[in-house]
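Naming convention: chains lettered A, B, ... in sequence-line order (proteins, then strands); numbering from 1 in each chain. As a basis for the values below, the full set of heavy atoms in this structure was taken, side chains included, without hydrogen atoms, waters or symmetry mates.
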Number of protein chains: 2
Amino acid sequence: MNRPPVSIRDVASMAGVSVGTVSNVLNRPDIVADVTRRRVLDAIRDLGFVRNESARHLRAGHSRTIGLVVLDVANPFFTDVARGVEDSANDAGLAVILCNSDDDPAKESRYLDLLEEQRVQGILITPVTTTTHRLEHLRERGTPIVLLDRRATDDTQCSVAVNDVLGGELAVRHLLAQGHKHLAFVGGPFTIRQVQERQQGALQAMRAAGRDPGELHIVETSALNVAAGRDAAARLAGAMPRPTAVFCANDLLALGVLQEMTRRGVRIPHDVAIVGYDDIDFAAAAAVPLTSVRQPRHLLGRTAAELLIEEATEDSSHQHRQVVFDPELVVRDSSDRTIGRRPRHRRPSPEGAAATPHPA
Amino acid sequence: MNRPPVSIRDVASMAGVSVGTVSNVLNRPDIVADVTRRRVLDAIRDLGFVRNESARHLRAGHSRTIGLVVLDVANPFFTDVARGVEDSANDAGLAVILCNSDDDPAKESRYLDLLEEQRVQGILITPVTTTTHRLEHLRERGTPIVLLDRRATDDTQCSVAVNDVLGGELAVRHLLAQGHKHLAFVGGPFTIRQVQERQQGALQAMRAAGRDPGELHIVETSALNVAAGRDAAARLAGAMPRPTAVFCANDLLALGVLQEMTRRGVRIPHDVAIVGYDDIDFAAAAAVPLTSVRQPRHLLGRTAAELLIEEATEDSSHQHRQVVFDPELVVRDSSDRTIGRRPRHRRPSPEGAAATPHPA
DNA sequence: GAGTGGTGGTGAATCGTTTCAACGACCGCT
DNA sequence: AGCGGTCGTTGAAACGATTCACCACCACTC
């Protein structure tokens, strides 16, 4: 079953040429004579030869992979970003090693070690902590780094981000326009830059509307997932005055809040309006279709990867850039107070109703 | 900025020892004298030395990574499986290269090439096609392969799967028990084994209930995502007789069907009942909480990775195994006909209602 | 004082590929 | 015949880490 590994040397001896010629067939087929090339290719096929990337990289000094470190692969936001990255990388003939830091500095650090040992061409990362210390070292040692979904504080590196402050502003401005007086912000941990900035945008919108930012009821969560959203909703239920509008730092939280509120008999949006962030696919398919702040996720990943590849391959003339995209608000039922005043089903299907009449 | 790369040789000369000693410090620190070890470690720190994995692997003959090829990373089913794989791999000190075949044989093939060139220790894969040809070659050349979410047809390899036939049976048995007469199955493409088997289970349940399997209305989709589900619902809308119950091959399809049906004014579950498959997190948070067939996703990934690692590291005494988990049905509103006969909100929140009275 | 054993360290060979200077064969030209 | 120029191929030297046979040294023992 386990045949001995076949190397370029075996191919060479089978084809009756030198290893250099085999290498030429693989890398510069045009400079090899037709007959020879055919003989070598036949040998490769017959032996089932497969190049050893480790050996190539050892020689070349760098590998043909890039690293992508995200906070949570289970979050659709990041899977879409990852697809964007993958597309760019594929175009450049690079593979992507996807790592999941789980917002855990230790895990992030382990993955960075691993990527550096793999001599990846560069790293795309949404860093866990605010300490850029570790990343600076990496950069000093020659690994290009592009910050993902996080703006660089200086211009010594590239970054691709979405204006989260603006996103927070859009959300809260919308809720204020709907006439809400008691607003809450759900998000955390606050060590995550995106959470901070979305909250900051929310506060700015309050100020801009002449409201006291201190009125914004803040609920800090321990993570950005559905379970944490449910917890937050449970805590909100006891708050006085009870907020009538909740802006969540991402859609998973918002879905959790929505679920738990509904379970407790709170009607959305009549009793409480909810706005999420990211506009993941499931936002539109939620129990109450979710108003959300949409980010160009795929484009974010694509652009970041392109910048990284440029930095990694360009002849040292690379100009660092800070790309910032603007998000947009997508209004759906979860924050739309006009709902309920109009019929829920605008286009009832007569045949459907006829097939199985409503039991009530 | 770009310092020259520092190798084990540089460390050796700085510490005034041979390269062999540096290697010993890294790999067998106990056999090196204390003073020497400290001198070497200091040099490593001062120079910022990082091991070159390519070189290690070249020598070792194999890398410390495994490959994971899934049909779609954006599908929560696979991200959960991937997390299980990652956990196992981490425990064994291995890295995971996550690849996305997008159900495209060409893409799958490219990734398999890449993984083989990387000399991964093994590959976990949910294969696109029914042709196991390519995989057999890989196995012959010494790369262990474990089939994921797909049962092996022979015992020359390991596989970890969930009994999809049983899952299909559970779903349809449940729908029949609810008194439905006109059932539909939505899924595709049928080249995907899981789709086939779930359908087969559905047919078996029909037969077991003394119904003609030919009555099951089949709608083939081009993919297993939300958009394909919407399309399927549009096609179902025109069907005669209009099915009153739909079993979908996965939750994404079911969510799509749910969305499109609702848009058309079809009430779920009163007019049409829906059952999905996978029980992803969003199933419970859907517009109408979705009845679904739950699979042990994380466990699936963990187990598969453990089998692979065992096969890759064990001293050739490896026994191939076919692990099959049983799925379970989780009944929620989308298929529960008793709904609507009872109040929608069992525990109405008085203070919530008081804060913002229902406009109606 | 020759042998034995243990400790700590060395240095060269090795993994599989790429690269490049060098070489032989052949051709055409003077 | 001699020279220069292509063309195709060769062979050996890298790349960086690991491994292993071997050596130097010291401490003991009989």
Where do N or O atoms of nucleotides 13-20 of chain C meet protein N or O atoms at under 3.5 Å, pair by pair?
from, atom 1, to, atom 2, distance (Å)
dT14(C), O2, Arg59(B), NE, 2.9
dT17(C), OP1, Asn52(A), N, 3.2
dT17(C), OP2, Ile8(A), N, 2.4
dT18(C), OP1, Asn27(A), OD1, 3.4
dT18(C), OP1, Asn27(A), ND2, 3.4
dT18(C), OP1, Arg56(A), NE, 2.9
dT18(C), OP2, Ser23(A), OG, 3.1
dT18(C), OP2, Asn27(A), ND2, 3.2
dT18(C), O2, Arg59(A), NH1, 2.4
dT19(C), O4', Arg59(A), NH1, 2.9

Could you check how far [atom1] of [X] sits from [atom2] of [N], rounded to whole Å?
X	N	atom1	atom2	result
Arg64(B)	dA17(D)	CZ	P	16 Å
Gln118(A)	dA17(D)	CD	P	14 Å
Glu117(A)	dT18(D)	CD	C1'	15 Å
Leu47(B)	dG16(D)	CG	C1'	15 Å
Ile31(A)	dT10(D)	CD1	C1'	12 Å

Sidechain N-carboxylate O distance under 4.0 Å for [X], [Y]:
X	Y	answer
Arg321(A)	Glu310(A)	yes
Asp104(A)	Arg110(A)	no
Asp42(B)	Arg45(B)	yes
Asp149(B)	Arg297(B)	no
Glu53(A)	Arg56(A)	yes
Asp113(B)	Arg51(A)	no

Hey, is CG on Asp155(A) packed in by over 12 heavy atoms from elsewhere, all under 6.0 Å?
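Not more than 12 within 6.0 Å, no.
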If the test is side-chain contact (heavy atoms from CB on, under 4.5 Å), which one of Ile192(B), Asp103(B), Leu148(B) qualifies with Thr126(B)?
Leu148(B)
Listed pairs, N/O of protein and of nucleotides 22-26 of chain D, under 3.5 Å:
none

